Amino acid sequence: MNQIKSLRGMVDLLPEQTQRWQEVELIAREQFKRAGFKEIRTPLLEVTELFSRGIGEATDVVGKEMYTFSDRGNRSCTLRPEGTASVVRAALEHGLLNQGPQRLWYGGPMFRYERPQAGRQRQFHQIGVECFGINSTRADAEVIAIAWDLLKQLGLNGLVLELNSLGSLEDRRRYRNDLVVWLLDRFEQLDTDSQQRVQSNPLRILDSKNPQTQSILMEAPTLNNYLSEESLERFEVLQQSLETLEIPFKLNSRLVRGLDYYCHTAFEIKSEYLGAQSTVCGGGRYDGLVEQLGGPNTSGIGWAIGMERLIMLLGDVFSGSTTPDVYLVNQGKLAEIQALVVARKLRALGLIVELDSSGSSFGKQFKRANRCGAFWAIVIGDDEAKGEVLTLKKLHSNEDSTTSNELKVSASDLDGLFALLVS
RNA sequence: GCGGGCGUCGCCAAGUGGUUAAGGCAGCGGCUUGUGGCGCCGCUAUUCGGGGGUUCGAAUCCCCUCGCUCGCCCCA
């Protein structure tokens, strides 16, 4: 009889961790709300073509990382590997893009069939924002600021914002052609991975971690030199905006985001405290995507934050807890029912109440009360039940286990009791 | 898909060929059936991820397999 375990790369979040997740989600939600972003929820499962068309056939995500299968109607379905394509699809499908600029946020699980390692799972979670119909660079600055502020507000340090401009789609095409020619001249000197990429995705070679390839690339044409007047201007304005907002950044001309749809602004926020997978947040502008998915020419910009990576960075920053305020010790037929009633009422007043339903001895119940960290114990036994009272006892009081920290309270005056408990 | 490390109770582990597989934490029960935190006592792995082999004898050696983990590729 072998134990059934979770699928590789699929991770359970236990109570100890879900609390922190909730805290982060709450703070993020607040931020989005204040920034005027509205939540959108899309299905986890989409038609495969959405991603192959939206993300790009040549990308690794589409080429080898998708969870794709046929459903019973023989349609090719894929568990979403990222959020943007789905959001665009939904926005188009429901005509959101005909209603002026849209500021949207989303969150939830994404799926990528990769070998798990630190900071990488097959099911992982992202929160992200997408901003449609605002072509101005101010949107870029605003969106980056939201990400930066969120991470800062969560108390993270050691973050670096890396920034690059990929230019317009035009600029990129020109650069790409020249780069391929240049690379082909030095084909023999490239590592095998890069050789394969010359045709399929040459820009990614710039990001190669192979040291020899990197040294060759020192001489390569740089994208920056191919940027049009207008693109350069955009990039300038963005940098100035960030300076004004006092958001530090580092230019990284080799930052080429993996997905096809990016243009102009590309950025990543990395942390020195993560392992090999150091990017917490990645995003950029994607003015061509909506059109590529059959919609009107619409500009877009957004980012996604990896929740797991974010939470790894949080360490013990949070101390919020769900330790009970009150532990309800009870025994006896009448008392047990009363305990249930009292628990319900105190909960309605906003207290965290743990009710002991074990029926075991008072000694045992107190032991548990103490261990769960509750501040108060309320005791209901036969005596209390008959006398319509509750015995109140402060736990974790030092040494003295006499009755000095015990107190009788009327069972009918719960408001009075509540006032006492929170004081 | 390719490399490295690892797999003994819920958790942390000792054990590296020889009778019944240490110990700690947690859990449960008792000392104490209306009063906890401390203490003491007891219980909790026919079995060492799984399968095969070597051997009189294996958790310990060999082979295969599965899983975890870190890294490569790539990304959040």
Side-chain angles (χ1 to χ4, degrees), chain A residues 1-9 11 14 55 58-65 81-84 107-128 147 191-194 196-197 201 204-205 207-210 255-259 268-271 274-283 302-313 327 329-332 335 356 358-374 376-385 391-403 405-406:
Chain A
M1 189 179 57
N2 51 348
Q3 264 284 322
I4 295 178
K5 298 201 288 193
S6 73
L7 247 19
R8 161 174 288 203
V11 174
L14 304 177
I55 300 173
T59 61
D60 281 18
V61 171
V62 172
K64 58 180 196 190
E65 294 170 3
E82 53 104 51
T84 305
M110 307 291 163
F111 302 83
R112 257 120 100 161
Y113 194 92
E114 296 180 89
R115 202 71 184 270
Q117 74 186 69
R120 167 185 295 160
Q121 298 165 190
R122 288 184 173 181
Q123 176 176 336
F124 61 103
H125 298 77
Q126 291 185 332
I127 50 172
D191 60 282
T192 46
D193 274 342
S194 296
Q196 282 168 5
R197 229 170 266 143
N201 202 349
R204 279 238 62 97
I205 297 177
D207 221 10
S208 167
K209 277 164 191 150
N210 181 292
L255 175 63
V256 181
R257 313 221 7 96
L259 313 184
E268 287 187 5
I269 299 174
K270 298 183 178 180
S271 169
L274 286 170
Q277 309 304 323
S278 60
T279 304
V280 198
C281 174
W303 50 253
I305 284 178
M307 283 292 282
E308 282 80 2
R309 290 181 190 175
L310 171 56
I311 280 166
M312 276 197 283
L313 286 172
Y327 192 94
V329 172
N330 61 101
Q331 196 184 59
D356 194 309
S358 68
S360 43
S361 73
F362 280 93
K364 276 271 140 342
Q365 293 195 42
F366 267 99
K367 210 168 243 179
R368 281 193 280 264
N370 205 59
R371 203 160 324 153
C372 80
W376 292 98
I378 291 179
V379 187
I380 308 178
D382 292 334
D383 298 348
E384 285 85 355
T391 297
L392 195 59
K393 187 164 184 172
K394 202 181 241 173
L395 296 167
H396 292 283
S397 49
N398 304 328
E399 306 300 314
D400 202 0
S401 67
T402 60
T403 55
N405 55 1
E406 226 175 89

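Side-chain atoms are counted along with the backbone in the values below, which use heavy atoms only and exclude waters and symmetry mates. So you know, we letter chains A, B, ... as the sequences are listed, proteins then strands, and number each from 1. The model shown is predicted, which means the values in this text are computed figures rather than measured ones.
The pairing partner recorded for B:C9 is none, the criterion being a Watson-Crick or G-U wobble arrangement whose two distances lie under 3.5 angstrom. Nucleotide B:U35: unpaired (no Watson-Crick or G-U wobble partner with both distances less than 3.5 Å). Remark: B:C56 base-pairs with B:G18. Criterion, Watson-Crick or G-U wobble with two distances under 3.5 Å. Pair check for B:G27 finds B:C43; Watson-Crick or G-U wobble, both atom distances under 3.5 Å. Using N1 to N3 plus N6-O4 or O6-N4 for Watson-Crick, or N1-O2 and O6-N3 for G-U wobble, each under 3.5 Å, B:C2 pairs with B:G71.
Partners of A:S278 by side-chain hydrogen bond (donor to acceptor under 3.5 Å, both in side chains), not counting sequence neighbours: none found. Remark: A:K364 engages no residue in a salt bridge (Lys or Arg N to Asp or Glu O under 4.0 Å) (not counting sequence neighbours). For A:A385, the side chain to side chain contact (heavy atoms under 4.5 Å, CB included) partners are A:L334, A:A335, A:Q338, not counting sequence neighbours. Looking at residues two or more places apart in sequence or on another chain, you find no side-chain hydrogen bond (donor to acceptor under 3.5 Å, both in side chains) involving A:Q126. Under the rule for a side-chain hydrogen bond (donor to acceptor under 3.5 Å, both in side chains), the partners of A:S360 that lie at least two apart in sequence or sit in another chain are A:S358, A:R368. Scored by the side chain to side chain contact (heavy atoms under 4.5 Å, CB included) test, A:Q123 finds A:M10, A:P109, A:F111, A:H125 as partners (sequence neighbours excluded). In this structure, the salt bridge (Lys or Arg N to Asp or Glu O under 4.0 Å) partners of A:E268, at least two apart in sequence or on a different chain, are A:R257, A:K270. With sequence neighbours left out, the salt bridge (Lys or Arg N to Asp or Glu O under 4.0 Å) criterion links A:R122 to no other residue.
Residue order along RNA chain B, read from the 5' end via each residue's closest nucleotide, puts A:Y113 first among A:Y113 and A:C281. Taking the nucleotide of RNA chain B with the nearest heavy atom to each of A:R120 and A:F366, the more 5' of the two is matched to A:F366.
Taking atom C1' in both B:C74 and B:A13, the straight-line distance is 37 Å, to the nearest Å. Between the C1' atoms of B:U44 and B:G27, the separation comes to 8 Å (whole Å). Separation of the C1' atoms belonging to B:A59 and B:U20 is 16 Å when rounded to the nearest angstrom. Atom P of B:G49 sits at a distance of 8 Å from the matching atom of B:C9, rounded to the whole Å. Using atom C1' as the reference point in both B:G18 and B:A58, the two lie 10 Å apart (nearest Å). Taking atom C1' in both B:C25 and B:U65, one finds a spacing of 33 Å when rounded to whole Å. One P atom belongs to B:G36, the other to B:G30, and the distance between them is 14 Å to the nearest Å. Going from the P atom of B:G39 to that of B:G34 covers 23 Å, rounded to whole Å.
Note that CD of A:Q121 and CZ of A:R309 are 9.5 Å apart. Values are rounded to the nearest 0.5 Å. Here CH2 of A:W376 is found 12.0 Å from NZ of A:K393. Values are rounded to the nearest 0.5 Å. If you take CG on A:L310 and CG on A:L274, they are separated by 9.5 Å, rounding to the nearest 0.5 Å. How far CG of A:D356 is from CD1 of A:I380: 11.5 Å, rounded to the nearest 0.5 Å. Atom CG of A:L395 sits about 12.5 Å away from atom CZ of A:R371, to the nearest 0.5 Å.
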Annotated protein contacts, base or backbone, on nucleotides 29-34 of chain B with a non-hydrogen cut-off under 4.0 Å, one of B, S, - each: S----B
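Atom CD1 in A:I269 sits about 13 Å away from atom P in B:A76, given to the nearest Å. In this entry the distance linking CD of A:Q365 with C1' of B:G36 reads 11 Å, nearest Å. In this structure, the CD atom of A:E114 is 18 Å from the C1' atom of B:C68, given to the nearest Å. Per the geometry, NZ belonging to A:K64 stands 7 Å off C1' belonging to B:G1, to the nearest Å. The nearest whole Å value for the distance from the CG atom in A:D60 to the C1' atom in B:C74 is 5 Å. Put simply, CE on A:M312 is 12 Å from P on B:U69, counting in whole angstrom units. When the C1' atom of B:A26 is taken as reference, atom CG of A:L14 falls 16 Å away, rounded to whole Å.
Phosphate proximity of B:G71 to A:Q117: present, with a side-chain N or O under 4.0 Å from OP1 or OP2. Taking side-chain N and O atoms only, A:R371 has a distance below 4.0 Å to OP1 or OP2 of B:G27.
Heavy atoms only, all atoms of each residue included: A:F362 and A:Q331 are closest at CE1-OE1, 2.9 Å. Taking both residues in full, the closest heavy atoms of A:D382 and A:G332 are given as OD1-CA, 3.6 Å, listed atom of the first, atom of the second, then distance. The minimum heavy-atom distance linking A:G9 with A:P116 is given by the pair CA-CG, 3.9 Å.
Out of B:G71, B:G36, B:C74, the shortest distance to the side chain of A:A118 is found at B:G71.
For A:Q277 against B:C74, a side-chain N or O and a base N or O form a donor-acceptor pair under 3.5 Å.
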Could you go over nucleotides 2-8 of chain B and give all protein N or O partners under 3.5 Å, atom names and distances?
| residue | atom | partner | partner atom | Å |
| --- | --- | --- | --- | --- |
| B:C2 | N4 | A:R115 | NH1 | 2.4 |

Between protein and nucleotides 41-44 of chain B, what N or O pairs are separated by less than 3.5 Å?
none

Tabulated below should be each protein N or O lying under 3.5 Å from an N or O of nucleotides 64-67 of chain B; please produce it.
| residue | atom | partner | partner atom | Å |
| --- | --- | --- | --- | --- |
| B:G67 | O2' | A:K5 | NZ | 3.4 |

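When heavy atoms are screened at a 4.0 angstrom cut-off, A:V329 is found touching no nucleic acid atom at all. At the heavy-atom level, A:G128 lies nowhere under 4.0 Å from the strands shown.
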